[in-house]
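The structure under discussion appears below in the form of structure tokens.
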Amino acid sequence: MLFRSVLPVIAEMLKSDLDKDVRLQAVDAFVRYYIPADETGPIRTVFNRVKGAFAEPDRPTISEEVRVDAEATQALANTMQKDFNDDVRIAAVRALGSLKARDQIPAMTSTFDDPIQREHLDVRVEIMGSLGIIRDATAGPVVQRALRSGNRRITAQAVTSIGLIGYKEARPDLENIFKTTNDRAMKRRALDSLALLRDPASQPLF
């Protein structure tokens with residue numbers, strides 16, 4: 001209850017504080033509430049220049065029984081869309097993934113598709129990754145389109161996310177990538193993703 005009483009204060013810090021480190025810490029505070037420190041290891045903050053657990057590749061996610069306040073996910077989504085620093089935007093995107101913020105999938109996909117965001121490649125790559133972690137089929141069409149993005153980093157992340165989401169409609173695209181790419185790492189990603197789909201139509205490929 002105490003956290004909920006200060007949630008608006010943290011949201012305001014995330015929105016308006018001019019210090020990048022303070023905004024990063026606000027992102028971390030949101031996630032720390034829903035994923036306690038004992039589930040993520042020692043508390044590490046941007047103030048001592050050590051990355052928090054939520055910045056790591058295998059970042060933790062909420063338990064299925066945890067319900068995240070809409071005010072928290074909305075604040076993070078606003079930061080993802082509007083913050084003027086890409087490091088903070090990336091942190092917000094990763095937090096949305098850790099919190100499995102299904103309610104913010106429309107905001108995430110629209111941000112990914114927004115032509116204005118084309119120059120913010122790192123943010124778009126993180127969105128693709130977090131959509132996979134959230135594992136909601138409503139993101140499937142956007143992730144499928146990203147397979148044909150023309151950017152290797154986005155395509156690679158989309159390949160993995162398709163498998164995590166279980167979006168079988170993209171199976172032909174994954175098979176095409178596997179058959180046509182000369183990139184061995186990408187070929188392995190496509191094969192792994194196809195295995196996650198468990199689509200009987202892929203059996204001839206295996």
Could you give me the CA-CA distance, side-chain angles and deciding distance for Asp21 and Gln25, then say whether side chain to side chain donor-acceptor pair (under 3.5 Å) is met?
CA-CA 6 Å; Asp21 284 351; Gln25 186 63 21; over 6 Å; no
With Val22, which of Leu14, Asp17, Val88 fulfils side chain to side chain contact (heavy atoms under 4.5 Å, CB included)?
Asp17
With sequence neighbours left out, which residue pairs that include part of residues 176-185 fulfil the salt bridge (Lys or Arg N to Asp or Glu O under 4.0 Å) condition?
Arg152-Asp183
For atom CZ of Arg188, decide whether the heavy atoms of other residues, nucleotides or ligands shown that lie under 6.0 angstrom number more than 12.
no
For Thr160, check side chain to side chain donor-acceptor pair (under 3.5 Å) against everything at least two apart and list the hits.
Arg189
One pair to check against side chain to side chain donor-acceptor pair (under 3.5 Å): Arg89 and Gln117. What are the steps and the verdict?
CA-CA 12 Å; Arg89 295 182 67 196; Gln117 303 300 329; 2.8 Å; yes
Treating Asp199 as the side-chain partner and Ala201 as the backbone partner, does any N or O pair qualify as donor plus acceptor under 3.5 Å?
yes
Apply side-chain contact (heavy atoms from CB on, under 4.5 Å) to residues Phe30 and Leu76 and explain how you reach the verdict.
CA-CA 9 Å; Phe30 276 126; Leu76 291 168; 4.0 Å; yes
Taking every non-hydrogen atom, the tightest pair across Arg135 and Arg102:
O-NH2, 4.3 Å
Using only heavy-atom distances, determine whether the side chains of Ser98 and Thr61 contain a donor-acceptor pair under 3.5 Å.
no
When you measure from the side chain of Thr181 to the backbone of Lys187, do you find a donor-acceptor pair of N or O atoms at a distance under 3.5 Å?
no
Given a cutoff of under 4.5 Å between side-chain heavy atoms of I, L, V, M, F, W and Y, with clusters grown through shared members, what are the other residues clustered with Leu196?
Leu164
